[in-house]
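Here is the structure we will look at, set down as structure tokens.
The chains referred to below are lettered A, B, ... by the order of the sequence lines, with proteins before strands, and numbering in each begins at 1.
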There are 2 protein chains.
Amino acid sequence: MKYFNIQMAAQISGLSTHTIRAWEKRYGALHPDRTDTGRRQYSNEEIERLTLLSQLTNLGNSIGQIARLPDPELKEIYEKLTHSRESVMMSVQHNPQQVQINAEETRRNLLMALAGYKVDIISHELNKAKTALTPGGFALDILVPLLKEVEHRRQLGTLSTAQITALFAIIKFHVGNIIYGHYEKKVKSSNKFAIATPEGELHLLDIMLGALLCCQHQMNFFFLSSNLPAPSISEAVNAIETNVLILGVSQLQNLKTPLPVFIEEILGHTKNLCEVWVVGMNDLTRQLSGHRSKKVRVFASFEELDKAMEQME
Amino acid sequence: MKYFNIQMAAQISGLSTHTIRAWEKRYGALHPDRTDTGRRQYSNEEIERLTLLSQLTNLGNSIGQIARLPDPELKEIYEKLTHSRESVMMSVQHNPQQVQINAEETRRNLLMALAGYKVDIISHELNKAKTALTPGGFALDILVPLLKEVEHRRQLGTLSTAQITALFAIIKFHVGNIIYGHYEKKVKSSNKFAIATPEGELHLLDIMLGALLCCQHQMNFFFLSSNLPAPSISEAVNAIETNVLILGVSQLQNLKTPLPVFIEEILGHTKNLCEVWVVGMNDLTRQLSGHRSKKVRVFASFEELDKAMEQME
DNA sequence: TGATCAATGACAAGGTTTTGTCTAGGTTTT
DNA sequence: AAAACCTAGACAAAACCTTGTCATTGATCA
């Protein structure tokens, strides 16, 4: 029986108050209670419904067609659009032509937009993908192939540093959006992850992918950020009592300390830490094959990391 | 059992004594004990309730609707609001509302929340400000003074590095939300800006403020991100045919190349570039006064940058 | 191809309610 | 006696309400 005013409804749902009133009047999307003097009062459920409608329209549904659907159906549609890893975005109801947007097309759009410096399209496309896909799907089906292709084109000289940093900035923003949003969801696993990169390794994106996978598998994780010296990491790991540390490394030669030494240093100063997982865009299994210990696992790809997490559930 | 008088209650909760009395009289928000002569006496619980009500109204709730709710429900609402950043942040869109906020009060709230490590409050407060204000207002009235105060407190030692990085991360997130949301909007001006920082200068926040001003004046801009070498910048500038380049610089000594050399290098390799604008949190006009060329403008503050853009419209 | 039309988000005008602040006049505390 | 508190009432700004309009967009149709 909690009641919010229209301003809060707008803040939470991300709509404007104008739009909320218009949706009510034009499409009967909601019928909030009124005070004696005619002011709208929204319950928790109604705010939830508004948010849902907002997200669905963002995904391309027209408000006129979904405004009058009952809550359960809205949720169902949202589930369909959201919970598919290999996603097919389809429009709803009486709209016969199903707009199919798949991961490959999204990636192609992104690369074309990047080539033409069309930042607006990049952002829009990423936003659509991240809402339509699960975090894991977003990471594995969009970002990983995209980043590989970008790296490839960088080496060919087809993409400039400026283009790539601009792209990375946008990606980081959208991924950050997902990661921050994850904190309040319920977590299944009892394992606790910490995610970081060693000092010298600046690639934030690699570990953001790792964080997305943690979101996917509803793991409890703490995102430590990049370029951290060993003492900082072990301190943090002790403080938040994590049992697994994910280290993002893409190039060994950048590191200040050789990776095996770095890892030993961390393991020597932590209590509960059971395992250290090393992962990155580049496959480091060969280069690190000589240094394996029981506590260290090196993953050849993010797909493998994904599988490993799946098994932990 | 300790009792507080109304002045203490006002001080702790951040309300005025007038307001507290009005809330009691009009909405029956509280029923404090009275002395024999009719003076209000507040218990710990009542002060807590008052503070809670104050925070909730600050977040946008109307006092009339929540004043009579019992304590547990108030707490529940508070939890919901501060713990569901997700819904607020998920929407990549900026909708200026008719809701008005007080810039100074917002900054005060932010600094208080930062001192108490209340990350969720910081995020919510920033979100409110960014929805209530235009991008330029958000930059100039909230962020610039806030960052100056933060820098001041950092030097005094009142704020730790951890607090500041946490704050910056949240600010970056919300500014990113505005910037990348703005890309989807239409632009007025025919001028095209590119925004970057030179290699060695990592301060992303400075140029984000510049980008906010571009949003404000509906300029066409490309956000190149930070830490870029001259060739990359000139390449991008040529590719997207910008006529103005905004360089964010806050400290000259960090740069790999002296700034005048860096700028000449860019100007020497670009075609359409008419002007290079240098701006940052620190006033560099004096330090760069010797190197001025016709094409280079150094701004003493973001306010000046704002004015310059206004004149271009 | 160009004209037309429905859908939709944004906004303006004009009126009502809500709410923070202030004033005035009296009482209590210091 | 000054400062702080009390009540009651007044006020103006903020927020909300409704109705109507406008610009854009995408689809349909001549």
Practice item. Among D:dC5, C:dT8, C:dT21, find the nucleotide with the atom closest to the side chain of B:Arg26. Key: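 Of the candidates, C:dT21 comes closest.
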**Study point:** Nearest-neighbour nucleotide for the B:His18 side chain, D:dA8, D:dT7, C:dT23 considered
**Key:** C:dT23
Review point. Salt-bridged, B:Glu48 to B:Lys75, with N to O below 4.0 Å?
Key: yes
**Study point:** Minimum side-chain heavy-atom gap B:Leu53-B:Tyr27 below 4.5 Å
**Key:**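 They are not in side-chain contact.
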Check your understanding: Do the non-hydrogen side-chain atoms of A:Leu114 and A:Ile122 ever get within less than 4.5 Å of each other?
Key -> yes
Is there a side-chain contact between [X] and the phosphate of [N], meaning an N or O under 4.0 Å from OP1 or OP2?
| X | N | value |
| --- | --- | --- |
| B:Arg39 | D:dT7 | no |
| A:Trp23 | C:dT8 | no |
| A:Arg40 | D:dA15 | no |
| B:Thr37 | D:dC5 | no |
| B:Asn5 | D:dC5 | yes |
| B:Thr19 | C:dT21 | yes |
| A:Ser16 | C:dA10 | yes |
| A:Tyr27 | C:dT8 | yes |

Measure [atom1]/[X] against [atom2]/[N] and give the value in whole Å, please.
| X | N | atom1 | atom2 | value |
| --- | --- | --- | --- | --- |
| A:Gln41 | D:dA15 | CD | C1' | 15 Å |
| B:Leu53 | C:dG20 | CG | P | 11 Å |
| A:Asp36 | C:dT17 | CG | C1' | 12 Å |
| A:Lys25 | D:dC16 | NZ | P | 18 Å |
| A:Arg34 | C:dT18 | CZ | C1' | 16 Å |
| B:Ile6 | D:dA3 | CD1 | C1' | 15 Å |
| B:Ile20 | D:dC6 | CD1 | P | 10 Å |
| A:Arg21 | D:dG20 | CZ | P | 16 Å |

Review point. Quick check: does any side chain N or O of B:Asn127 sit under 3.5 Å from a backbone N or O of B:His174, one acting as donor and the other as acceptor?
Key: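 Answer holds: no.
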Practice item. Take A:Gly64 and B:Leu15, find for each the nucleotide of DNA chain C with the closest heavy atom, and name the residue whose nucleotide sits nearer the 5' end. Key: A:Gly64
Practice item. Looking at every strand, decide which applies to B:Ser62 at a 4.0 Å heavy-atom threshold: base, sugar-phosphate, or nothing. Key: sugar-phosphate
**Study point:** Who pairs with C:dT30 - Watson-Crick or G-U, where each distance is under 3.5 Å
**Key:** D:dA1
Exercise for review: Please state whether the rings of B:Tyr180 and B:Phe223 are parallel, tilted or perpendicular, taking 30° and 60° as the class boundaries.
Suggested key: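 Aromatic pair B:Tyr180/B:Phe223 classed perpendicular.
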Check your understanding: side chain to side chain contact (heavy atoms under 4.5 Å, CB included) between A:Ile47 and A:Ser13: does it pass, once the steps are laid out?
Key -> CA-CA 7 Å; A:Ile47 297 230; A:Ser13 67; 5.5 Å; no
